[in-house]
There are 2 protein chains.
Amino acid sequence: MGSAWKAVADDNRRQVLLILRDGEKTPSEIARHFSFTLPALSTHLRVLKDAGLVGERKEGQRKFYSVNREGMSDIADFLDEFWDENLRKLKQHAEAKERKKNRK
Amino acid sequence: MGSAWKAVADDNRRQVLLILRDGEKTPSEIARHFSFTLPALSTHLRVLKDAGLVGERKEGQRKFYSVNREGMSDIADFLDEFWDENLRKLKQHAEAKERKKNRK
DNA sequence: TCGATACTTAATTAATTGTTTAAATATTTA
DNA sequence: TAAATATTTAAACAATTAATTAAGTATCGA
């Protein structure tokens, strides 16, 4: 599993995610939005999938890719650390509680 | 100006931001948390600054770095694109359910 | 002024990344 | 079965990146 951070660091990959936002699409459909080749897109999709940011579904010879929003949770969590001190404390408290529970 | 996305793609640089979260610190203070050298940290700080993610303040021979939360707005905005969409889909789902109920 | 301290810049190197073209795999259709 | 379509994998290459050691700049204190 690759990191979501590295996956979204690339401009083209973020663009892919935005394109998929409205619904699943095949590689060739996605590739129309870009100037690079299909194999290049294929590797981008692989990176996004390894990062858990997209899912795939095969239907015959075509493959449909879709956004996996849960894959963005690491990024969202990081931002939350800076969003609000109170939120951060609440979260720490919840996590401490969780650890306590798991220790039982 | 470098991109905030590339700046935060690096594990060490994200760690630097977390270290600075509680208040400004000098390079040597920050460097204590890492195993790499001070020059390496210096270049990380430069990348973070070029991305607008940290600010610096010079005081004598020391330099104080601090988090610049506004620098994270690009990243937050991107995530919002998917958050809103999620809300929309939830709403659509609820509406579909409602229609189903009314059909009975 | 001299030496220590704090930090940055430069030169070098190894590793990673994004791209291309060509070949491979899988599925559909004639 | 053969040709066409959709996608991925492989090989090669240029560009970028993160690290190290060594040298440079600026400030402080004896």
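Given the structure is predicted, the values throughout are model-derived calculations rather than measurements. Just so it is clear: chains get the letters A, B, ... in the order the sequence lines come, proteins before strands, and each one is counted from 1.
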Visitor: Would you kindly give the CG-to-C1' distance between Leu41(A) and dA6(D), to the nearest whole Å?
Guide: 12 Å
Visitor: How long is the line joining CH2 of Trp5(A) and P of dT17(C), in whole Å?
Guide: 17 Å
Visitor: Quick one: on DNA chain D, does Leu38(A) or Phe36(B) contact a more 5' nucleotide (nearest heavy atom)?
Guide: Leu38(A)
Visitor: Of Glu59(A) and His44(A), whose closest DNA chain C nucleotide lies nearer the 5' terminus?
Guide: His44(A)
Visitor: Say you draw a straight line from CG of Leu17(B) to CG of Leu79(A); how long is it, rounded to the nearest 0.5 Å?
Guide: 10.5 Å
Visitor: For the pair Glu59(A) and Arg57(A), find out whether any cationic side-chain nitrogen is under 4.0 Å from an anionic carboxylate oxygen.
Guide: yes
Visitor: Any side-chain N or O of Thr43(A) less than 4.0 Å from the OP1 or OP2 oxygen of dG18(C)?
Guide: no
Visitor: For dT8(C), take OP1 and OP2 only and decide whether either is under 4.0 Å from a side-chain N or O of Lys63(B).
Guide: yes
Visitor: For Asp50(B) and dT17(D), give me the distance from atom CG to atom C1', rounded to whole Å.
Guide: 14 Å
Visitor: Nearest whole angstrom, please: distance from the C1' of dT19(C) to the CG of Asn12(A).
Guide: 11 Å
Visitor: Could you tell me whether the phosphate oxygens of dA26(C), OP1 or OP2, come under 4.0 Å of any side-chain nitrogen or oxygen in Arg62(A)?
Guide: no
Visitor: Indicate whether OP1 or OP2 belonging to dT9(C) is found under 4.0 Å from a side-chain N or O atom of Arg46(B).
Guide: yes
Visitor: Find which nucleotide of DNA chain C each of Lys6(A) and Glu56(B) is nearest to by heavy atoms, and output the residue with the more 5' nucleotide.
Guide: Glu56(B)
Visitor: If every non-hydrogen atom of Pro27(B) is compared with every non-hydrogen atom of Leu45(B), which pair is closest and at what distance?
Guide: CG-CD1, 4.0 Å
Visitor: Ring centres of His44(A) and Phe34(A) under 6.0 Å apart?
Guide: no
Visitor: Side chain of Ala40(A): nearest nucleotide among dT19(C), dA6(D), dA10(C)?
Guide: dT19(C)
Visitor: On a plain distance test, is the side chain of Gln61(B) in donor-acceptor contact with the base of dT5(C) below 3.5 Å?
Guide: yes
Visitor: Could you check whether Tyr65(A) gets within reach of a base, just the sugar-phosphate, or nothing at all, counting any heavy atom under 4.0 Å?
Guide: sugar-phosphate
Visitor: With under 30° as parallel and over 60° as perpendicular, where do the rings of Trp5(B) and Phe78(B) fit, or are they tilted in between?
Guide: perpendicular
Visitor: Rounded to the nearest angstrom, tell me the gap between atom CD1 in Ile30(A) and atom P in dA6(D).
Guide: 14 Å
Visitor: With the side chain of Thr37(A) defined as its heavy atoms from C-beta on, choose the nearest nucleotide among dT8(D), dT21(C), dG18(C).
Guide: dT21(C)
Visitor: Using atom CZ of Phe64(B) as one end and atom C1' of dT27(D) as the other, report the distance to the nearest whole Å.
Guide: 14 Å
Visitor: Output yes when at least one side-chain N/O atom of Lys58(B) is less than 4.0 Å from OP1 or OP2 of dT27(D), else no.
Guide: yes
Visitor: Could you check how far CZ of Arg32(A) sits from P of dA6(D), rounded to whole Å?
Guide: 9 Å
Visitor: For Leu45(A) and dT19(C), what is the distance between atoms CG and P respectively, to the nearest whole Å?
Guide: 12 Å
